[in-house]
Amino acid sequence: YDKVDSPLDDGSDMVDYVCQRCQKVVYFAELRRCAGKYYHADCFTCNSCNRLLDSMNVTDGPDGEIYCENCHITKFSNKEHPHAPLTDSILAEKEDPDKCVNCQGKVFE
């Protein structure tokens, strides 16, 4: 994560966080965080469609950016399972009885 020394420089351990989008200091009252990166509330938007995001609809992409669920599916989905989340796990074959219904991953015992 990006952080800079406090502009107050009063010798305290206070640290200001830098917004991933605008590169300005983010104060605690407006801090949004995803995947170890910090954002202003107004900068916490989908990298593709600019929709404002919240904890219920934010998804971090493999490119290090944040997306709404719809744009993440469109941009990064598995072509065989378009509504499955992008995963590093082993995907099950189409008719596999040991397939997770949520992520399409192979279930092992």
Side-chain angles (χ1 to χ4, degrees):
Y1 57 88
D2 295 327
K3 55 186 179 178
V4 294
D5 293 330
S6 173
L8 300 175
D9 198 20
D10 61 1
S12 71
D13 291 333
M14 186 175 149
V15 174
D16 292 329
Y17 295 97
V18 177
C19 178
Q20 180 71 21
R21 290 280 159 77
C22 71
Q23 303 303 310
K24 294 181 181 175
V25 173
V26 182
Y27 296 102
F28 188 76
E30 58 182 342
L31 182 69
R32 302 293 183 271
R33 180 178 161 179
C34 182
K37 296 178 182 173
Y38 301 92
Y39 302 85
H40 292 104
D42 289 340
C43 294
F44 199 62
T45 60
C46 174
N47 190 53
S48 194
C49 71
N50 294 319
R51 175 183 177 187
L52 278 174
L53 300 173
D54 59 39
S55 62
M56 297 300 292
N57 66 3
V58 66
T59 308
D60 58 315
D63 61 354
E65 288 292 341
I66 55 174
Y67 297 90
C68 67
E69 290 176 293
N70 291 336
C71 289
H72 187 274
I73 288 169
T74 302
K75 188 170 178 124
F76 302 110
S77 71
N78 178 308
K79 303 306 178 211
E80 186 175 330
H81 306 286
H83 294 288
L86 187 65
T87 179
D88 292 334
S89 66
I90 299 171
L91 292 177
E93 296 297 323
K94 200 173 210 174
E95 301 300 323
D96 192 333
D98 294 324
K99 175 173 65 173
C100 174
V101 295
N102 293 321
C103 74
Q104 309 301 318
K106 177 81 171 169
V107 177
F108 298 94
E109 288 188 39

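Just so it is clear, the structure is predicted and the values come from calculations on it, not from any experiment. Note that the numbering runs from 1 along the sequence shown for the chain.
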Give the table of side-chain donor-acceptor pairs shorter than 3.5 Å for residues 58-68, with sequence neighbours excluded, one pair per line with atom names and distance.
residue: D63; atom: OD1; partner: E65; partner atom: N; Å: 3.1
residue: D63; atom: OD2; partner: Y67; partner atom: OH; Å: 2.5
residue: E65; atom: OE1; partner: R21; partner atom: NH2; Å: 3.0
residue: Y67; atom: OH; partner: N47; partner atom: ND2; Å: 3.4

Does Y38 form a side chain to side chain contact (heavy atoms under 4.5 Å, CB included) with L31? I'd like the steps, not just the answer. CA-CA 7 Å; Y38 301 92; L31 182 69; 3.3 Å; yes
With sequence neighbours left out, write down each residue that passes salt bridge (Lys or Arg N to Asp or Glu O under 4.0 Å) with R32, or none if nothing qualifies. none
Measuring from atom NE2 of H72 to atom SG of C46, what distance do you get when rounded to the nearest 0.5 angstrom? 10.0 Å
Nearest 0.5 Å, what's the SG-CG distance between C34 and L53? 8.5 Å
Looking only at heavy atoms, what is the nearest atom pair of K24 and H40, with distance? O-CE1, 3.7 Å
Say whether, by atom type as modelled, one donor and one acceptor occur between the side chain of D54 and the main chain of N57 under 3.5 angstrom. yes
Starting at CZ of F76, measure out to SG of C71 and round the result to the nearest 0.5 Å. 10.0 Å
To the closest 0.5 Å, what do you measure between CZ (F44) and OG (S55)? 8.0 Å
Rounded distance [0.5 Å steps], SG in C43 versus CD in E30: 8.0 Å
